[in-house]
Structures are given as C-alpha cells and as structure tokens.
4 protein chains.
Amino acid sequence: MNARSPATLVADTGRGNEAAILNAALDAFGTHGFHGASMRDVAKRAGTSLSNLYNYVPSKSRLLAEVLRRANDELAARLGAALADAGDDAASRLREAVRAYVRFIVDHQVAMVVSTNEVRYLTGADRAGLVAERDATQAVFEDIVAQGVADGTFATPYPDDAARAVLTALSAVAGWYRADGRLSRGQLAEQQARYALALLEAPLAR
Amino acid sequence: MNARSPATLVADTGRGNEAAILNAALDAFGTHGFHGASMRDVAKRAGTSLSNLYNYVPSKSRLLAEVLRRANDELAARLGAALADAGDDAASRLREAVRAYVRFIVDHQVAMVVSTNEVRYLTGADRAGLVAERDATQAVFEDIVAQGVADGTFATPYPDDAARAVLTALSAVAGWYRADGRLSRGQLAEQQARYALALLEAPLAR
Amino acid sequence: MNARSPATLVADTGRGNEAAILNAALDAFGTHGFHGASMRDVAKRAGTSLSNLYNYVPSKSRLLAEVLRRANDELAARLGAALADAGDDAASRLREAVRAYVRFIVDHQVAMVVSTNEVRYLTGADRAGLVAERDATQAVFEDIVAQGVADGTFATPYPDDAARAVLTALSAVAGWYRADGRLSRGQLAEQQARYALALLEAPLAR
Amino acid sequence: MNARSPATLVADTGRGNEAAILNAALDAFGTHGFHGASMRDVAKRAGTSLSNLYNYVPSKSRLLAEVLRRANDELAARLGAALADAGDDAASRLREAVRAYVRFIVDHQVAMVVSTNEVRYLTGADRAGLVAERDATQAVFEDIVAQGVADGTFATPYPDDAARAVLTALSAVAGWYRADGRLSRGQLAEQQARYALALLEAPLAR
DNA sequence: TATGAATGAGTTTTCATTCAT
DNA sequence: GATGAATGAAAACTCATTCAT
C-alpha cells in the first residue's frame, strides 16, 4: 500500500482500537486544535465510545503527547534514513535532509501542523520529552550547517540561527501545502532545497 | 511613555474598559490559545466582570476578530510608513519592510503569535476580512519581489512563493524572540533582512 | 417561627440562594453521604441549577466544609451560652453542657450526623480547621471534667478519655433519635445527663 | 500466625482470590467509604483485574454486604465464646463481653469502622439481614443488663437504652484507637469495662 | 456602564457493569 | 478463573451567554 491517507500516522498496532484512536486524535487536533477538539470528537472519529478512549490513554493531554511523539519519531526515522544514504558533502546532505522533511510533510501534513501548533499545550514531562526530541531534530540540521560553514560550502554568518530558520520555513510548508497544488512533491522538495541553500548562502552553482 | 508592555496592543480608547479588555483578550489568547482561554480569563485579566465584557463585544469570536484586526492594522500602518520613507530600489524597499516587520514583532510579539496561530478559529465574515487584510500585507511583499525580479535585483525562480517564504520566516520570529536574547532589536532586523535577501537570491554584495 | 425543619441549619443570608444551597447540601449529605450525594442532588433540593451552585461555592468539598463549619459554630455558640448561664459547680456545668448538646441534636439532627460521619472526607486546611473547632468543643468538656475531678465531684480515673467518651455517646444520639420517639426532648437530655454523670463516676446522689 | 494485619478480616478461603478481594474491599471501604471507593480501587488492592471481581461477587453492594456479614459473624463468634467461658453473675458477664468486643476492635479496627459507617448504604435484604445480626448482638448486651437489673447488680433506670449506650460507646473506640496509643490492649478493655459498669450504675466495688 | 445570579449545553474523566476470549 | 476491551450513565466542574438590577 503506497498511498496513505494524509492523516494516517499510526498503522495498526494489533492492540484493538489503538491506531484508530491515535489517528482520530491527530485528525481532531488538526481540525479544531487541542482545546477546540473534544474527547467526544476523537471517539466519534475513531468509531468507539467516549469512555473506551480511556482504556488506551489516560488523559487528553497524554493523548496529544503520544500523537506528537509518534509524529516526531517518524520524522526522525525518515531524516536518519535519508542521511544514511546521502553523500558526505554538506550541500548534498542538506538537500537530502530537506527532501526527507518535505516528504514527511506531504505524507503527514496534519501531523506536522499539529506538531507545530499544539506542542505548547503540553506540560511537564510530556513537554520536556517532546522538546528534547525536537531539539535532536534541530541538531541534525545544525550539524550539517556547521559542517558546511567549516568547509566553506555555506557562507551564512549565523549558522545556528540560519539552521533554525531553514527548519521553520520547512515546517511552515505544512500550513499551505495542498496535494492538488501547482507543484509536485518532487518540485516542492526542489524548491525548498533551493530556499535552504540560498538562505545558508551557498554559492549559486545550480 | 516610550516603553510599551509587549502585550499592549490597544491604547486607551476613551471608552471605559475597552482597551483593557482587548489587551486582556490578546494576553489570554496568547497564553492559552483561543479555545483554551475563557471569557472569565479575559475578564479577570481586564479587571472587570465577566458580564461586563458583553457591553463591549458581542461574542468571544468577535473579540478575537477585533483583536486580530487591530494587530493587522498596526502592522499595515507600520509597513506603509516604512515604505513611504524608503528609496525606490527593490533591495532597500525589501530591507525597510523587513525592518518594520521585525520592529512590529518586537513591540507586539503576542499579537503576532496570536495572529499566526488563532486566525484559523475565525469563521465567516470575520475570517474573510482578516484573510483579505493579510493578503494585502502579503501583496506588499510580492510587489517588492516582483519589482526586484523584473529589474534583476532578485534571481529567485519562484517570486511569489519566495515572498511568502520570507513572510512566514519573519512571522516565525515571534515564536522564539526574547527581549533579553542574544541579538538586539537592530541586529535581529539586520539578520532577517539578510535571510530575506539571500532567499530571494540577491547578489551577495554584502 | 419556632418549629424549624430539622435540616434547616442556615437561615436566609440575604444572598440569593445561599441558605437554600447550604441546607440542601446538608440534607443531601445526610441522606446519601458525601460521596453518595451528587451536586445535582444538591441543586435539585435547593431548587436551582447545577451550574449555579458554583456561583456560591467553589467545589463540593468546600461545600461540605462550609456546612460543617456552620454546624460547629452553632453548636459552640449554644454550648457557650449554656455555660454562661450555668452555676459554678462541675456537676451542674456538665448537666447544662449535656442539655445544650442534646438540644442541638434535636434541632439539627442531620447536621450532627453529617458532622460525625463526613468530616473524614475533608482534606487540607478545611479538615484542619474543622478538627481545631472540634477540639475546642472537646476542651470545654475536658475542662468541666478536670474541674470536677479536682474538687472530688467526679471519681473517674481517666478524666480526658472519659470526657471524650461522654461526647461520643452524646453525638451517637443523633444516630437514633426520632422526634416521635419514646422520650421527650427534656427526658432525653435528662437521660444523657445521667449517663454522663454515671460514667464520670459522680456520687449517685440522685 | 498470631499477629494479624488489622485489616485482614478474611483468611484464605481456598477459593482463588476470594479472601484477597474481601480484605481489599474492607480496606477500600474503610479508607474512602462505600461510595468513595471504586471497584477499581478494590481490584488494585486485591492485585487482580477489575472484571475478575465479578467472578466472586455480583455487585458492589453485595460486596459490602458480604464484608459486613463476615465482620459481624466474627464479632458474634467472639462474644459467644467469651460468654460461654464467663461466670454466671451479670457483672462478670458484662465484663467479659466488653473485653471480647474490645479485642475484636483491636484486631479488626477497620472492619468495625466500616460496620459502623457504611451499613446505611445497604438496601433490601442485605440491609435487613445485617440489621438482624446486629440486633442479635445488641440483645446479648440487653440480656446481660436485664439480668443485672433484675438481681440488683445494675441500678440504671433505662436498661435497654443504657445497653445501647454501652454498645455505641464501645464501637466508637474503633474511631480513635491506635495500636501505638497510651493504653495497652488490656488496659483499654479494663477502661471500657469500667465505663460500662459505671454507666449501668453498678456499685463501685472496684 | 457595571454587576452577580442564572442557565443549559458542554467539558474531561470515572463509574459499575458486561462480554468475548 | 482471569483478562482487556467495551459501554452508557453519571460524576464534578466550566463554558459562553443572558438577564434583572
């Protein structure tokens, strides 16, 4: 099965309704926001009863945390795989990372939107955990940029800030991407890679 | 008085508690999000009673709309003023627009955050109005980019998309800016201007 | 108006439904216990809506605390008044205290039952406050007993424990008293006074 | 094994988890009250699953009934044994009955507390059965008192009411007894016996 | 303009209980 | 006997909003 529904982040876990519930939560949070979505919404989308939700998840906020954790895991896995297959030079590593990121957005647009907008409603350990995972993702980009700045590939005077700028620009894509839009998936990746390289002030040898 | 509290978007309107209420709403929506904030929150922050809110505003969603409208008006005014004072060439117009935008974020960070995150919860005419205002702001940037592409200042192959990328990168600044951060207000503007010009592929005459 | 409904602990406070709510809570807690009574029960008995309860009381447990506080205040006031009018010797002071206590039970049987059975469900400051008030009431009896033991009126070898035994025996009356029972109000007081004096081992000069 | 945990009312019945469940229920009801304790609480304390409870007991209220029945059986057995070994005169019979009662409280304090506070939540046949058992226990004391009054050992003018007063004073002990308190088990029994005899107005030949 | 009281629908969460395995 | 999943009702409490004053 190649074509996933964009909101299907979690595949069947073999544990009853779990996948359905997590995907339903993603959908609901994506549509109404964390506070705007009710547990009833989630249950309805998951095709189960409100109270049964609590056999799988102890609270609404833990539900959000779980969904975000899975989204981040998937993104991290994709980034890792892409970089494992990439060459050694900073420019192509950056390009591969951007491509993987864009593909993640295309496949899991809602997850990206929710990740961006709703983390702030986590608290305590859930928030700390997510922030740590997110920082790890950011470090991946910072490392690439640092490498490129060291070897002269990138001329930006603000390496870390620029890495973050690249990331926020990327994640903003989830806010406007439409599957039926002007650009194909590949073209979108190409565009974003070009933005990234330009922003990092790579020579325009392209 | 020169130093405004960052959340104070609306100055005294001469109409009782109106300014206090609008600023309180901005604060509350900024802290908890539209759905996470309650009218009670707003009333408490404004130092008035819950029911008195409804003497100024007919509903919670109209309160959000009003707040967002004022934020956008202020941003538009600042952009307009900055461009009126700017030169004729695309690069310096872009630079001035970025500077004004950054200064708006620094002065009204919460307003920018709320603008970015909570518009989606408006509906009907309120939403349409806001989107139109926002499109007008975007057009300002698109026009500058178009001018620069026409006269060869900018080499980007995606003028409109790049203009939007510049804008989303800018508004993302509101998500992480801290008054006590590493960069001064001026340095921040400088950095963002450089990102913008790089992203638009202006010659690296810098 | 002389004949009060037994559950009417709180007279009109001039503040909307407050008295009705407190009396309704007393009734509900008396009938079903704290955990067995729902806020809906209370609202129904008070003749108002569930949500309106929360304009008067911030939580169910604070409602219990408030009810118990008022009950204890009334009991303390009655004890104080009775002792102010009593003679100086321990036996007649004890007798008057018992009479006042019994009259309180007769007038506010439900309040006494709830006081006895439901304090344990209070927590934190509410519980501490109530326990302190209750200790003060107990001290009144301990003082009388101490006086009587000192001047030879009471022969009990366990003054403090015996004072407590008297009190628990008294409050247990609330568990079985019926207005239409065998004993009149006065006879009941007489009986309990006799028990108390006997238990304290006063000479059987009776 | 001589030293029982105070809450262990039921010894292994040879039927799977039954004893654990009944003891867990006793604990839970003792801690939170009948309505404040949930079947989940009970299951957790018993170390089994929620649904497995229903293999042993058909409903929550029957669980309470069962626990109370066992507590009362144990108390009745102890009273019976104590009286079988006692002499013939009312004073020593009363003394032995009080001793047995106090020992029951010391061994099964929680059971006594639950018995006292939660019977009221039983309904129908369960309640009727318990009340009958309790009346039988009360009759034991009433008989002793009647005997004593008949032969001049006790001078109380209210034989039946006084018997009940003795019983409620005794059961109230469960409300404050602490294993590490001032009085030993034997001293406590001695004290309560003295209260009882005094209350019944036995001559102070002690 | 301002308030406290009022309301009905809604919130998240827990309840006792049942059922398929 | 034992479990995890399921359910509908109910819990306490909050919501945006209205109204009388």
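Proteins get letters first, then strands, A, B, ... in listed order; numbering begins at 1 in each.
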(request) Consider the side chain of Met39(D), meaning its heavy atoms from C-beta on, and name the nucleotide among dT17(F), dA16(E), dT1(E) that approaches it most closely. (result) dA16(E)
(request) Just name whichever nucleotide pairs with dA20(E), Watson-Crick or G-U, keeping both distances under 3.5 Å, else none. (result) dT3(F)
(message) Quick check on DNA chain F: between His35(C) and Ser61(B), whose nearest nucleotide comes earlier from the 5' end?
(response) His35(C)
(request) For Ile21(B) and dT1(E), give me the distance from atom CD1 to atom C1', rounded to whole Å. (result) 10 Å
(request) State which of dT7(F), dG1(F), dC19(E) makes the closest approach to the side chain of Ser51(D). (result) dC19(E)
(request) For Leu50(D) and for Arg15(B), locate the closest nucleotide of DNA chain E by heavy-atom distance; then report the residue assigned to the nucleotide nearer the 5' terminus. (result) Arg15(B)
(request) Considering just the side-chain nitrogens and oxygens of Asn55(C), establish if one lies under 4.0 Å of OP1 or OP2 belonging to dA5(E). (result) no
(message) Would you say that Thr116(B) contacts Met112(B) through its side chain, given a criterion of any heavy-atom pair below 4.5 Å between the two side chains?
(response) yes
(request) Figure out the CG/P separation between Leu53(B) and dT18(F), and round it to whole Å. (result) 13 Å
(request) Choose from dC13(F), dT17(F), dA2(E) the nucleotide whose nearest atom is closest to any side-chain atom of Tyr54(C). (result) dC13(F)
(message) Rounded to whole Å, please give me the gap between CZ in Arg62(D) and P in dT17(E).
(response) 12 Å
(request) For Asn52(D) and for Asp41(C), find the nucleotide of DNA chain F with the closest heavy atom, then tell me which residue's nucleotide is more 5'. (result) Asn52(D)
(request) Answer yes or no: is there a side-chain heavy-atom contact under 4.5 Å between Arg120(B) and Phe34(B)? (result) no
(message) Side-chain N or O of Ser49(A) versus OP1/OP2 of dA6(F): is the shortest distance under 4.0 Å?
(response) no
(request) Start with the C-alpha gap between Arg127(C) and Val119(C), add the side-chain angles, then the distance that decides, and say whether side-chain contact (heavy atoms from CB on, under 4.5 Å) holds. (result) CA-CA 7 Å; Arg127(C) 175 181 222 141; Val119(C) 212; 5.6 Å; no
(request) Kindly say if Arg40(C) contacts the phosphate of dC13(F), meaning a side-chain N or O under 4.0 Å from OP1 or OP2. (result) no
(message) Whole angstroms only, please: what is the CD-P distance between Glu18(B) and dA2(E)?
(response) 11 Å
(message) If you only use heavy atoms from C-beta on, which nucleotide in dT12(E), dA16(F), dA6(F) is closest to the side chain of Ser38(A)?
(response) dT12(E)
(message) Between Glu66(B) and Arg70(B), does any side-chain N to carboxylate O distance fall below 4.0 Å?
(response) yes
(request) Ignoring backbone atoms, test whether Asn17(D) places a side-chain nitrogen or oxygen under 4.0 Å from the OP1 or OP2 oxygen of dA2(F). (result) yes
(request) Examine dT7(E): is either OP1 or OP2 under 4.0 Å from a nitrogen or oxygen in the side chain of Thr48(C)? Give yes or no. (result) yes
(message) Rounded to whole Å, how long is the line connecting atom NZ of Lys44(B) with atom P of dT3(E)?
(response) 14 Å
(message) Measuring from the side chain of Lys60(C) (C-beta onward, heavy atoms only), which nucleotide among dA16(F), dA12(F), dA6(E) has the closest atom?
(response) dA12(F)
(request) Report the distance from atom CG of Leu53(D) to atom CG of Leu63(D), rounding to the nearest 0.5 Å. (result) 6.5 Å
(request) Give one of base, sugar-phosphate or nothing for Ala43(D), where a contact means two heavy atoms less than 4.0 Å apart. (result) nothing
(message) Taking Asp73(A) first and then Arg69(A), would you say they form a salt bridge - that is, a charged N and a carboxylate O separated by under 4.0 Å?
(response) yes
(message) Under 4.0 Å from OP1 or OP2 of dA6(F): is there any side-chain N or O of Tyr56(A) that close?
(response) yes
